[in-house]
Amino acid sequence: MPAETIAFASDHGALDLKDLLKMHVEAKGLKVLELGTTTTDSVDYPDFADAMAQALKDGRATRGILLCGSGIGISIAANRHPHVRAALIHDAYGARMSRQHNDANVLVLGGRTTGPEIAKECVDIFLSTDFEGGRHQGRVDKMSRAPQG
Ligand code: RB5
């Protein structure tokens, strides 16, 4: 079975953390797809959220990791795409819940808010935790529909 591909995208506010996490994921034997940005030039985080959404839609990656300075802007932008469930995570509990209850397909971290060891722990949990399904499935399905009312 080919290795799963994990896409990475960020703005300029999280380059160092993104590079560290890419190496961490590659060391697990997974493939990494770099969607930018790759320089410290100031860029607009919605463009990179959109690049992530496209990579997931066209199958170039199965899951993704997004970062910006706080993680807030890029998670708001990513969640405008109905097939994206992006979870802004700060700790291990959140990382676990994002998979077990929400079937998150994108982990979001803040390069200016989350340290490297916590970030690596969140990535490990995000990548290794299964969705529980059951009562959570219907709730996740509702999020993929157009808003009612
Ligand atoms: C960029 O300075 C910063 O605003 C961005 O990385 C992010 O924190 C926005 O939510």
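Since we're looking at a predicted model, the values are computed, not measured. Remember, it's 1-based here, ligands and their atoms both numbered in the order they're listed.
- N105 and H83 share no side-chain donor-acceptor pair at under 3.5 Å.
- Listed for the T62 side chain is a donor-acceptor partner under 3.5 Å among the backbone atoms of T5.
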Please give the N or O to N or O pairs under 3.5 Å between ligand 1 and the protein, distances rounded to 0.1 Å.
residue: ligand 1; atom: 2 (O); partner: R112; partner atom: NH1; Å: 3.3
residue: ligand 1; atom: 6 (O); partner: D11; partner atom: OD1; Å: 3.4
residue: ligand 1; atom: 6 (O); partner: D11; partner atom: OD2; Å: 2.6
residue: ligand 1; atom: 6 (O); partner: G69; partner atom: N; Å: 2.7
residue: ligand 1; atom: 8 (O); partner: G69; partner atom: N; Å: 3.4
residue: ligand 1; atom: 8 (O); partner: S70; partner atom: N; Å: 2.9
residue: ligand 1; atom: 8 (O); partner: S70; partner atom: OG; Å: 3.1
residue: ligand 1; atom: 10 (O); partner: S70; partner atom: OG; Å: 3.3
residue: ligand 1; atom: 10 (O); partner: G73; partner atom: N; Å: 2.9

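- For K120, the salt bridge (charged side-chain N to carboxylate O under 4.0 Å, His left out) partners are E117, not counting sequence neighbours.
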Scan the side chains in residues 52-59 for donor-acceptor partners under 3.5 Å anywhere in the protein, sequence neighbours excluded, and list what turns up.
residue: D58; atom: OD1; partner: R60; partner atom: N; Å: 3.1
residue: D58; atom: OD1; partner: R60; partner atom: NE; Å: 3.1
residue: D58; atom: OD2; partner: R60; partner atom: NE; Å: 3.1
residue: D58; atom: OD2; partner: R60; partner atom: NH2; Å: 3.3

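- D91 CG: more than 12 foreign heavy atoms inside a 6.0 Å radius.
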Contacts under 3.5 angstrom, residues 126-133 side chains, donor-acceptor by atom type, not counting sequence neighbours:
residue: S128; atom: OG; partner: D124; partner atom: O; Å: 2.7
residue: T129; atom: OG1; partner: I125; partner atom: O; Å: 2.7

